[in-house]
Amino acid sequence: MSNIVAPNRPPEAGAFFQRDRDWHPPAFTPGYKTSVLRSPRRALLSLNSTISEITGPVFGHDMLGELDDDMIVNFAKPGESAIGPRIMVYGRVLDERGVGVPGVLVEVWQANAGGRYRHKKESYLAPLDPNFGGCGRTISGDDGSYCFRTIQPGPYPWPNGPNDWRPAHIHFSVFGHGFGQRLITQMYFEGDPMIWKCPIVKTINDPQAIEQLTAALDMQATLPMDMRAYKFDIVLRGRRSTMFENRREGN
Amino acid sequence: MAQQLDRLKESPSQTAGPYVHIGLTPNFADIGGVYPDDLGAAMVSDKTKGERITVKMRVIDGAGTPLKDALIEIWQADAAGLYNSPAERRGAADPHFTGWGRRATDMVSGECVFETIKPGRVPFNDGRLMAPHFTVWIVARGINIGLHTRMYFGDEDAANAEDPVLARIEHKVRVPTLIAQRSGETYVFDIQLQGDDETVFFDI
Ligand SMILES: [Fe+3]
């Protein structure tokens with residue numbers, strides 16, 4: 001099992017900081033056409049976190065297979081590997097207080113180096129790579145750090161406007177310690193001119209928020225003659241300290 | 001000038017896209033051999049305490065069409081009303097029940113099925129009991145940030161009537177959007193993303 005709690009400290013059980021809905025994309029974003037019929041139009045009902053949102057399942061390192069964090073080989077035939085620029089993606093899972101969050105399940109998925117997904121509904125003509133599945137996962141360590149190996153995905157066209165292309169990206173699902181922290185997002189690559197043309201990226205209003213999803217090329221962390229490194233930190237909602245919280249009877 | 005708060009911003013959400021199943025339910029997406037099972041596939045075992053139930057869910061768009069590329073996660077208490085989580089400080093939950101399930105909606109019918117147990121009641125922040133419920137989270141292509149809602153049970157009228165969260169819903173006509181109706185041995189829960197019957201979603 002992972003050690004998700006610092007010694008001598010009980011698990012945190014405070015309510016989460018309120019989400020900044022101006023920082024996140026709104027539900028209704030007509031430039032991303034699919035959102036038009038899939039966006040709630042009524043106001044969300046605001047609710048202080050209850051125990052149903054503060055709690056969540058935890059995942060131990062013992063559930064991980066040896067190759068789960070290595071998309072270069074986790075679908076490949078023995079002795080073979082996926083085609084494409086080899087990279088490692090590393091970073092930390094933090095919360096809004098700047099504290100590393102251990103024991104976070106990070107699940108990733110992506111297209112292959114040609115921009116093609118391994119999926120029966122995928123129709124892009126770029127070829128499948130027989131040695132690339134496109135999924136990986138890991139669990140953050142005691143300081144919130146995580147790392148995985150993959151190949152750099154390619155950009156791909158998608159049906160939205162007549163000529164819309166996604167920038168190269170990796171999808172991230174992040175499972176913190178409370179169900180209210182649940183988050184799915186995407187990682188983009190520093191210097192990619194496609195980022196600023198993408199209708200999905202543009203669902204986010206604040207350019208600084210877009211920069212937060214853009215991983216930095218880190219030539220110090222590169223493995224020479226093997227792979228380049230991109231650094232991508234992820235921030236989950238912070239939670240209030242329960243130290244001075246009002247406790248009423250029966251609670 | 002006052003001191004800085006030194007807070008970070010939460011990573012902004014982006015849609016899960018059409019291929020969320022590659023990452024989160026790869027076996028369902030025919031990517032075999034990477035993980036032994038899809039995470040969250042089995043919620044109960046022979047040893048799990050409580051009443052076995054089956055819940056069928058769909059997510060329906062503003063044109064009345066079920067989403068065939070959605071992913072739903074549920075989180076619930078055990079039969080005694082305890083969560084299997086380190087943040088649960090009221091006691092130890094049933095070790096044979098994770099409380100968490102994950103399903104892809106079917107690529108043809110748009111339906112997904114959870115085999116689980118009926119949860120017990122858990123307290124609201126002021127100590128009053130909430131009615132039995134699931135916490136539900138929905139992601140899909142076209143959904144820019146995951147949607148949080150709850151599912152309550154249609155055969156729990158008395159508990160639902162005193163539930164502090166349902167009581168917060170100003171327009172009582174919307175309360176039934178959170179209540180699964182029992183049909184034979186199965187509860188049926190349709191999540192409406194838009195329209196007159198739009199499900200109540202929460203900012204939690
Ligand atoms: Fe994608």
Side-chain angles (χ1 to χ4, degrees), chain A residues 4-5 11 13 19 23-25 27 29 34-35 37-38 40-42 44-58 74-75 94 96 98 107-109 117-119 121 133-135 171 173 177 179-180 182-186 200 203-204 209 212-213 234-235 237 248-251, chain B residues 6-20 22-24 26 29-31 33-35 61-63 73 75 83-89 98-100 122-127 130 133 135 137 139-147 165 168-169 193-194 198 200-204:
Chain A
I4 65 148
V5 184
R19 267 199 159 126
W23 190 251
H24 289 287
T29 49
T34 314
S35 76
L37 282 173
R38 294 184 172 196
R41 299 301 167 86
R42 311 221 185 171
L44 302 177
L45 180 61
S46 295
L47 188 67
N48 268 338
S49 313
T50 73
I51 192 168
S52 302
E53 293 83 29
I54 288 168
T55 54
V58 290
N74 71 7
F75 191 78
L94 306 157
E96 288 170 286
E107 295 164 286
V108 290
W109 67 101
Y117 282 97
R118 182 173 287 280
H119 195 280
K121 289 190 177 174
C135 60
H171 296 267
S173 164
H177 296 182
F179 207 60
R182 203 71 185 81
L183 180 72
I184 279 185
T185 188
Q186 302 182 27
I200 287 177
T203 62
I204 298 173
Q212 191 181 355
L213 296 183
I234 301 158
V235 181
R237 296 170 75 180
R248 298 193 204 170
E249 260 178 279
N251 196 358
Chain B
D6 292 330
R7 291 272 153 73
L8 304 175
K9 298 297 288 182
E10 186 185 7
S11 296
S13 173
Q14 289 272 263
T15 180
Y19 306 123
V20 58
I22 293 175
L24 301 191
D30 291 333
I31 298 177
V34 183
Y35 311 146
D61 74 12
E73 292 183 1
W75 171 239
Y83 283 103
N84 191 343
S85 169
E88 172 60 85
R89 298 187 297 196
T98 63
W100 175 72
V122 301
F124 189 59
N125 294 336
D126 61 8
M130 297 190 276
H133 65 275
T135 303
W137 186 71
V139 291
R141 173 174 69 100
I143 294 177
N144 288 326
I145 178 164
L147 299 169
V165 171
R168 290 278 311 279
I169 299 172
L193 297 178
Q194 273 177 19
E198 182 179 311
V200 175
F201 296 104
F202 295 97
D203 189 9
I204 48 172

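Note on naming: letters A, B, ... go to the chains in the order of the sequence lines (proteins, then strands), and numbering restarts at 1 for each one.
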Side chain / backbone / both / neither for I234(A) at chain B, heavy atoms under 4.5 Å: both
Top contributor to chain B interface from R41(A), R19(A), R42(A) [non-hydrogen pairs under 4.5 Å]: R42(A)
E53(A) CD to I204(B) CD1 distance, which is reported to the nearest 0.5 Å: 4.5 Å
Closest heavy-atom pair and its distance - L213(A), S11(B): CD2-CB, 4.4 Å
T185(A) side chain vs P12(B) backbone, donor-acceptor pair below 3.5 Å: yes
Contacting region of Q186(A) [heavy-atom separation from chain B under 4.5 Å]: both
Proximal component of V139(B), with respect to chain A [non-hydrogen, under 4.5 Å]: side chain
V58(A) and S85(B): CA distance, side-chain angles, deciding distance, side-chain contact (heavy atoms from CB on, under 4.5 Å) verdict: CA-CA 7 Å; V58(A) 290; S85(B) 169; 5.7 Å; no
Nearest heavy-atom neighbours spanning E198(B) and P40(A): OE2-CB, 3.4 Å
Distance in Å, T15(B) OG1 paired with I184(A) CD1, rounded so as to fall on 0.5 Å steps: 8.5 Å
Straight-line distance of E107(A) CD to I22(B) CD1, nearest 0.5 Å: 13.5 Å
Max heavy-atom pair count under 4.5 Å with chain B, selected residue of S35(A), P57(A), G180(A): P57(A)
Heavy-atom contact with chain B under 4.5 Å, split by part of A209(A): both
Proximity breakdown for D30(B) and chain A, heavy-atom pairs closer than 4.5 Å: side chain
Best-contacting candidate, A63(B), P26(B), G99(B), G62(B), against chain A by heavy atom pairs under 4.5 angstrom: G62(B)
Heavy-atom closest contact (T135(B) atom, F179(A) atom, distance): CG2-CD2, 3.5 Å
Contact summary for A27(A) and N144(B), nearest pair of heavy atoms: O-ND2, 3.4 Å
Spacing of CH2 belonging to W100(B) relative to OG1 belonging to T55(A), to within rounding of 0.5 Å: 14.0 Å
Backbone of S46(A) reached by a side-chain donor or acceptor of R168(B) within 3.5 Å: yes
Backbone N/O of E10(B) and side chain of W23(A): donor-acceptor pair under 3.5 Å: yes
Among the listed options K121(A), H119(A), R182(A), the residue most often paired with chain B at heavy-atom distances under 4.5 Å: R182(A)
Leading residue by heavy atom contact count with chain A [cutoff under 4.5 Å; candidates A140(B), G146(B), A87(B)]: A87(B)
Flag side-chain contact, heavy atom, 4.5 Å: K9(B) against V235(A): no
Contact summary for N125(B) and I51(A), nearest pair of heavy atoms: OD1-N, 4.3 Å
Interatomic distance, L45(A) atom CG to F201(B) atom CZ [nearest 0.5 angstrom]: 12.0 Å
Parallel, tilted or perpendicular, as decided by the 30° and 60° cut-offs, for the rings of Y117(A) and Y19(B): tilted
Selection from S173(A), C135(A), S52(A), G133(A) maximising heavy-atom pairs under 4.5 Å formed with chain B: S52(A)
Nearest non-hydrogen partners of T203(A) and Q14(B), listed with the distance: OG1-NE2, 3.4 Å
